[in-house]
Amino acid sequence: MSNQKGCVLHWFRNDLRLADNPALTAAATRAADEALPLLCCFIICPEQWKQHDEAPIKLDFLRRTLWELAKALEERGNYLFLLTANTFSEVPDVLETFVKAIDAQALFFNEEYAVNEHRRDQAVAGRLLPVMRSLHSYRDQSILPVKSIRTQAGEPYKVFTPYKRSWLELTDGSPISLWPKPPQTVTPDKPLVAAANRAATRANTAKAIDEVFAALELTDSTAWAAGEDAAHDELEAFIDSRAEDYDTLRDKPAVNGTSQISRFLANGTLSGRQCYVVATEARRRLKAEGASEHATKGFTTWISELIWRDFYIHLMTDNPRLSMHQPFKADTDQLQWNDDSSGFEAWCEGRTGIPLVDAAMRQLKQTGWMHNRLRMVTAMFFTKNLFLDWRLGERYFMRNLVDGYLPSNNGGWQWSASTGTDAAPYFRVFNPVSQSRSHDPDGEFIRRFVPELADLDNKSIHDPGKAQRKACDYPEAIVDLKTTRALAIERFKNLG
DNA sequence: AGGCAATTGGG
DNA sequence: CCAATTGCC
């Protein structure tokens, strides 16, 4: 047994960073105050993650993120230990065993809001409160805390624009500040480390982490830089050189115009607060240098996207059914979605015969990421032209995205499917060919991912003629855009 | 965070 | 013949 009188434990989940981490800073502060060591843990949940459709590439990205995190924690003496619980229902057992093995006095973690995660945490609290001195949870996922924004009637907002207005008023009134760095804590002594080692896997080598992750199906994610340092580099690169043009370039899939940080937000390598603070600070500097409102519009638009993320997190927290495959608008559950597995497969594989849709779907399959504009285009084609159940598309995205994040992915799909609150009105159906002409005018993006069309001219590449398709060995469109659009509108209209 | 077709008004 | 505008889905 350890000579030190116990320790403090931080449980990492979707907050894989040292900076601006409320629970971690609180844990380290408590440990420092009481001269206790601080240990950290992370729990691998193979079966649960399968049920949650976590993508193999996202799990590989997690593996690499944990390695970066573990190295940073090792340097501070806050060693990271890996535990395995097949499903969330096993987590209380697994944690209790570890907590007892290391004699943890207090457990710290940041809240998660989807139904299963919430239930897991309730069960953990019920199990551990009797055997520990204290449990501490912190609000972290969203920039403004969940349940903090309410209408004058005290209700959660259901529409983005008034929500955003209220969000901005709140942040103007009391600016967002970041959590201080976790203070240094005493190094755990040998008996404590030995006890922890017997109960879990210490993540002090890449090999040790890889062995634990051998229980999972992984897809190589090394094209995507991982870890906190990489995340800050990427954020800085965006803020310094691309954010100014975000407003005009973000809708062009052929251009690197978006922030490229969604994968870091998805697993908490970065917090939304950090992004917001960096962006508002950069905008303030520009204005101080005399920049016009127009010149800072890129920053303002990007900040608005961060608020969309908060909106969807808040919406899911206030409406837990959203994390259980339920539409926000209950009546849309009566829609008779098509049963069309060959259409579904053509969409997945990128051979629908609509060039931009196919380019986008191939980008997802090949890289694990898809441009935001194209997520809307492909989801709209899926739900309105193929008239397939949005839940199938939502699941396919989660299973393939390196940056899959339930609130945003669900929010985006329900927006496209017109089943969500403040969603696209059912009659506002994107035409993927028009979208192609306006956002990929020279077909540059299409050429990149649908190489068989590379030699077509800028005009016909968006919708090649019969002979051109034949010559390129490219399929005819699997649906007629005009008639399927009209049918979808008709079906939605009949709901009311 | 649209699309479409009918209409208008200038060449 | 055309771009811009309008009303509806």
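Residue numbers start from 1 in every chain, and the chains themselves are labelled A, B, ... in the order their sequence lines are given, proteins ahead of strands.
Remark: the Asp245(A) side chain and the Thr248(A) side chain contain no N/O donor-acceptor pair separated by less than 3.5 Å. Side chain to side chain, Gln260(A) and Thr258(A) meet the donor-acceptor criterion of an N or O pair below 3.5 Å.
In terms of phosphate contacts, Asn431(A) brings a side-chain nitrogen or oxygen within less than 4.0 Å of OP1 or OP2 of dC4(B). At dG2(B), none of the side-chain N or O atoms of Arg437(A) fall inside 4.0 Å of OP1 or OP2 (strictly under the cut-off). Taking only side-chain nitrogens and oxygens, Lys482(A) comes nearer than 4.0 Å to OP1 or OP2 of dA5(B).
Residue contacts for Arg250(A): at a heavy-atom cut-off of 4.0 Å it reaches the sugar-phosphate backbone alone, with no base atom in range. Base contact: Arg485(A) has a heavy atom under 4.0 Å from a base atom. Among the protein residues, Gln435(A) comes within range of the sugar-phosphate backbone only, with heavy atoms under 4.0 Å from sugar or phosphate atoms but none that close to a base.
The separation between Lys384(A) atom NZ and dC4(B) atom C1' is 16 Å, rounded to whole Å. Taking atom CG on Leu481(A) and atom C1' on dC4(B), their separation rounds to 13 Å, with Å as the unit. Between the P atom of dC9(C) and the NZ atom of Lys493(A) lies a distance of 6 Å, rounded to the nearest Å. Going from atom CZ of Arg428(A) over to atom P of dA1(B) covers 10 Å, rounded to whole Å. Between the P atom of dA1(B) and the CH2 atom of Trp302(A) lies a distance of 18 Å, rounded to the nearest Å. Regarding Asn385(A), its CG atom lies at a distance of 14 Å from the C1' atom of dC4(B), rounded to whole Å. The OH atom of Tyr426(A) sits 14 Å away from the C1' atom of dG2(B) (whole-angstrom rounding). Put simply, CG on Asp422(A) is 14 Å from P on dA1(B), counting in whole angstrom units.
Annotation: cation-pi geometry satisfied between Arg491(A) and Phe387(A) (NZ/CZ under 6.0 angstrom from ring centroid, within 45° of ring axis).
Checked against Trp167(A) for a ring-ring contact (aromatic ring centres under 6.0 Å, His included), the options Tyr276(A), Phe311(A), Trp308(A) give a single hit: Tyr276(A).
Ala114(A) approaches Leu406(A) most closely through the heavy-atom pair CB-CD2, 3.8 Å.
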